[in-house]
Amino acid sequence: MPFREVNSKMVEATVVPGQRMYSQRGAMLAYRGDVSFTPNIAGGQGGLMSMIGRRVADEATPLMTVEGSGTVMFGHGGHHIQVVGLEGDTLYVEADRLLAFDGTLEQGTMFMGSQGGVMGMVRGQVTGQGLFTTTLRGHGAVAVMAHGGVIELPITPGRPVHVDPQAYVAHHGDVRNKLSTALGWRDMVGRGSGEAFQLELSGSGAVYVQASEEKL
């Protein structure tokens with residue numbers, strides 16, 4: 001169920017019988033056809049454990065199940081929208097940034113400490129992801145929200161990408177990431193996040209970076 005970008009802040013999705021998609025509550029702007037919107041209590045493809053995981057993570061973002069036949073316009077809060085296509089890999093993204101996504105994607109929750117221990121948890125706090133982040137895996141499309149526009153930076157073997165943690169939006173692929181300090185602890189006092197910390201992503205995939213350090 002691909003998304004068509006109407007402009008930088010709106011996308012249109014085609015809903016067909018027998019398929020479903022999920023959207024953040026309040027994201028529907030308009031629709032045509034016979035389309036229904038019902039609160040989702042099963043946590044998407046991830047089932048009950050996905051829902052529980054989001055609540056433990058304080059990421060209980062309400063989802064709506066979208067079904068029927070027609071087209072739906074999505075947008076939220078005037079935020080910039082970036083469409084990400086997945087071809088069997090996994091997208092790591094903060095739950096609050098999810099606007100809408102294909103129902104074919106499997107939703108899960110990942111503990112940030114599982115990728116880097118204590119520094120992984122610190123990284124989650126600095127990037128705004130918290131102790132947990134949402135994962136979407138499979139074949140399909142995801143519409144994510146950001147501030148001020150988004151650029152996709154490819155990550156290739158031997159050429160890591162360094163990102164200001166507060167400008168980080170999401171990443172996908174076979175990517176390893178770690179948080180490093182760009183300055184000594186004494187020099188960090190009064191510094192912004194990009195001056196004090198750097199998020200290094202290496203491997204093979206892509207990272208999405210927003211044009212603002214403002215969080216949603």
How about [X] and [Y]: do any of their side-chain heavy atoms sit closer than 4.5 Å?
X	Y	answer
V142	V93	no
V163	Y208	no
Q107	T134	yes

Does the ring center of H80 lie less than 6.0 Å from the ring center of H147?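 No: the rings miss the under 6.0 Å criterion.
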Check for a donor-acceptor pair, side chain of [X] on one end and backbone N or O of [Y] on the other, with a separation under 3.5 Å.
X	Y	answer
S8	I81	no
D102	L105	no
R97	M145	yes

Should M73 and V35 be counted in the same cluster of Ile, Leu, Val, Met, Phe, Trp and Tyr side chains packed under 4.5 Å apart?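 Different hydrophobic clusters.
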Check the orientation of F74 and F3. Use parallel for under 30°, tilted for 30 to 60°, and perpendicular for over 60°.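 Rings of F74 and F3: perpendicular, as their planes differ by over 60°.
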Angle class for the Y168/H171 ring planes (parallel below 30°, perpendicular above 60°, tilted otherwise)?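 Answer is tilted, since the angle falls between 30° and 60°.
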Y31 OH: over 12 foreign heavy atoms closer than 6.0 Å: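 Result for OH/Y31: open.
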Exercise: identify the closest heavy-atom pair between [X] and [Y]:
X	Y	value
A141	V83	CB-CG1, 4.5 Å
A170	L91	CB-CD1, 4.0 Å
Q166	Q210	O-NE2, 3.5 Å
A27	L99	CB-CD1, 3.5 Å
A146	V169	CB-CG2, 4.0 Å
A143	V11	CB-CG2, 4.4 Å

Just do the side chain to side chain contact (heavy atoms under 4.5 Å, CB included) check on L29 and M10 with the steps written out, would you? CA-CA 9 Å; L29 301 176; M10 297 173 62; 3.9 Å; yes
Distance (rounded to the nearest 0.5 Å) between [X] [atom1] and [Y] [atom2]:
X	Y	atom1	atom2	value
S204	R176	OG	CZ	9.5 Å
M21	T104	CE	OG1	9.5 Å
F37	S23	CZ	OG	6.5 Å

Could you go step by step and tell me if R20 and V66 meet the side chain to side chain contact (heavy atoms under 4.5 Å, CB included) rule? CA-CA 6 Å; R20 66 179 58 174; V66 184; over 6 Å; no
Applying side chain to side chain contact (heavy atoms under 4.5 Å, CB included), run through M28 and H76 and close with a yes or a no. CA-CA 8 Å; M28 187 276 289; H76 196 273; over 6 Å; no
Pair L98-L136, side chain to side chain contact (heavy atoms under 4.5 Å, CB included): steps then yes or no: CA-CA 10 Å; L98 289 174; L136 293 171; 3.7 Å; yes
Not counting sequence neighbours, which residues clear side-chain contact (heavy atoms from CB on, under 4.5 Å) with D89? List them please.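 In terms of side-chain contact (heavy atoms from CB on, under 4.5 Å), with neighbours along the sequence ignored, D89 is linked to L86, H172.
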Results of side-chain contact (heavy atoms from CB on, under 4.5 Å) for L153 - residues two or more places apart only: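 Here the qualifying residues are I151, V161, V207, V209.
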Going by side-chain hydrogen bond (donor to acceptor under 3.5 Å, both in side chains), name the residues that satisfy it together with R4, two or more places apart in sequence or in a different chain.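 Partners of R4 by the side-chain hydrogen bond (donor to acceptor under 3.5 Å, both in side chains) criterion, ordered by chain and then number, come out as E12.
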Tell me every residue that passes side-chain hydrogen bond (donor to acceptor under 3.5 Å, both in side chains) with H162, counting only those two or more places apart in sequence or in another chain.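 If we apply the side-chain hydrogen bond (donor to acceptor under 3.5 Å, both in side chains) test to H162, skipping adjacent residues, the hits are E200.
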Residue pairs passing the salt bridge (charged side-chain N to carboxylate O under 4.0 Å, His left out) test where at least one lies in residues 134-156, sequence neighbours excluded: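 Those involving residues 134-156 are E106-R137.
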